[in-house]
Amino acid sequence: VENERIPSDSDNVMKKKRWLNDIILIAVLVLIPVLMLAIGAIRNSNDDQPTLLITVDGNSYETLPLSEDTELTVTTKSGFNKVIIMDGEAWISDADCPEKICVYHSHISKSGEQIVCLPHKVVLEIISGEDGDVDSISH
Amino acid sequence: MTKKIAISGIFISMALVLSFFEGLIPMNFGIPGVKLGLANIVALAALFILGPVYALAIQAGRVVLAALMFGNMAGLLYSISGGLLSIFAMILLYKLKRPFFSIVAISVFGAVFHNIGQITAASVIVSDLRISFYLPILLLSGVAAGIFVGFAGKYLIKGLLRTNLMELHNPDSSNRL
């Protein structure tokens, strides 16, 4: 059968080399995100006052300190997202978007973490306290 | 030619069944976009058996049909950008002048670029580039899923070749399986 050609020696050498190439490529693809996570973790380590920034369609909507327990309903022309802040964590408890991906999302508390509701273009992001000051001035 | 079109049809239906099947497995890691991407097994088989042009057509057809049948139109934009970027990335590694990488690496590369394409589309939609916070987690999950899918694709192709109904598009790629 033509599909089953007999592997030659040079084929086998190439196959071994290819495994090494594969492993190098995969290692690089693992290393990049691990470095990104590490950099993020270092930047968070001196974060004393995390703040929740809510943006709608790229525009800042509300900034809330994570230290105070609150509830807020973000109403946009596409629908609502009910945001809850409790015990230093923020999450979306209810929304009228079709797939409810934002509602099933894990709670966020560390700087850089986000919950995104794509259909409503609502983004919840934790920013560090200092960033918060800058944002509240610039907006 | 006719045979290739017939096989394309079989591949699209296989991919749709896998997409549907994957939707039945409850998987929620709290991060949207983390998934196995079982349909990519078929994309790999299409690439190795029918070649890049058919693989691209099958990927496009699969993404649109999956959105029509069990997705929603809002999700179509992410699936298209992810699906097309992924197949282009895999074609690139497949077509490299010297075959540096095996099917597993091709699959991992495709999975990673699937996630990059999706997150780019999502960033554009919410007009917020910082959405890339998800990127590292998605890249890691893409590598893991890509390895699994790569091995699954390898055995699928070997099985398909054993039926003697199909043969490799490029006979030299047999040692990449």
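Atom set for the values below is all heavy atoms of this structure, side chains included, hydrogens, waters and symmetry mates excluded. A, B, ... follow the sequence lines: proteins, then strands. Residue 1 opens every chain.
Clustering ILVMFWY residues whenever any of their side-chain heavy atoms sit less than 4.5 angstrom apart, transitively, puts B:L177 in a cluster other than the one holding A:I23. Cluster annotation: A:L52 is not connected to A:F80 through the hydrophobic network of ILVMFWY side chains, with a link wherever side-chain heavy atoms come within less than 4.5 Å. Side-chain heavy atoms closer than 4.5 Å link hydrophobic residues (I, L, V, M, F, W, Y) into clusters, and following such links, possibly through other members, connects B:I5 to B:I49. Cluster annotation: B:I41 and B:L165 are assigned to the same hydrophobic cluster (Ile/Leu/Val/Met/Phe/Trp/Tyr, side-chain heavy-atom contacts under 4.5 Å, transitive). With hydrophobic clusters built from ILVMFWY side chains whose heavy atoms lie under 4.5 angstrom apart, B:Y155 shares a cluster with B:V108.
Residue B:F148 places its CZ atom among 12 or fewer non-hydrogen atoms of other residues, nucleotides or ligands, all under 6.0 Å distant. For A:K77, the NZ atom is loosely surrounded, since the number of other residues' heavy atoms within 6.0 Å does not exceed 12. Within 6.0 Å of the NZ atom in B:K95, the count of heavy atoms belonging to other residues, nucleotides or ligands does not exceed 12.
In this structure, the portion of B:L93 lying under 4.5 Å from any heavy atom of chain A is its side chain and not its backbone. B:I106 does not touch chain A: none of its heavy atoms, backbone or side chain, sits under 4.5 Å away.
Under the 4.5 Å side-chain criterion, counting only non-hydrogen atoms from C-beta, B:Y78 is in contact with A:L118. You'll find the side chain of A:L29 reaches within 4.5 Å of the side chain of B:F109, heavy atoms only. Residues B:L139 and A:V30 form no side-chain contact, since every pair of their non-hydrogen atoms from C-beta on lies 4.5 Å or further apart. Counting heavy atoms from C-beta outward, B:L140 and A:V34 have side chains that approach closer than 4.5 Å.
Scanning both residues, A:P33 and B:P136, for their nearest heavy atoms gives CB-O, 3.3 Å. Listed here is the closest heavy atom pair of A:Q114 and B:Y134: O-OH, 3.0 Å. When all heavy atoms of A:M36 and B:L135 are compared, the pair lying nearest together is CE-CD2, 3.9 Å.
With rounding to the nearest 0.5 angstrom, the CZ atom of B:R98 is 9.5 Å from the CZ atom of A:R18.
Counting only distance, with no hydrogens or angles, the side chain of A:N21 and the backbone of B:F100 share a donor-acceptor pair below 3.5 Å.
Comparing A:L20, A:L25, A:I101 by heavy-atom pairs within less than 4.5 Å of chain B, the highest count is held by A:L25.
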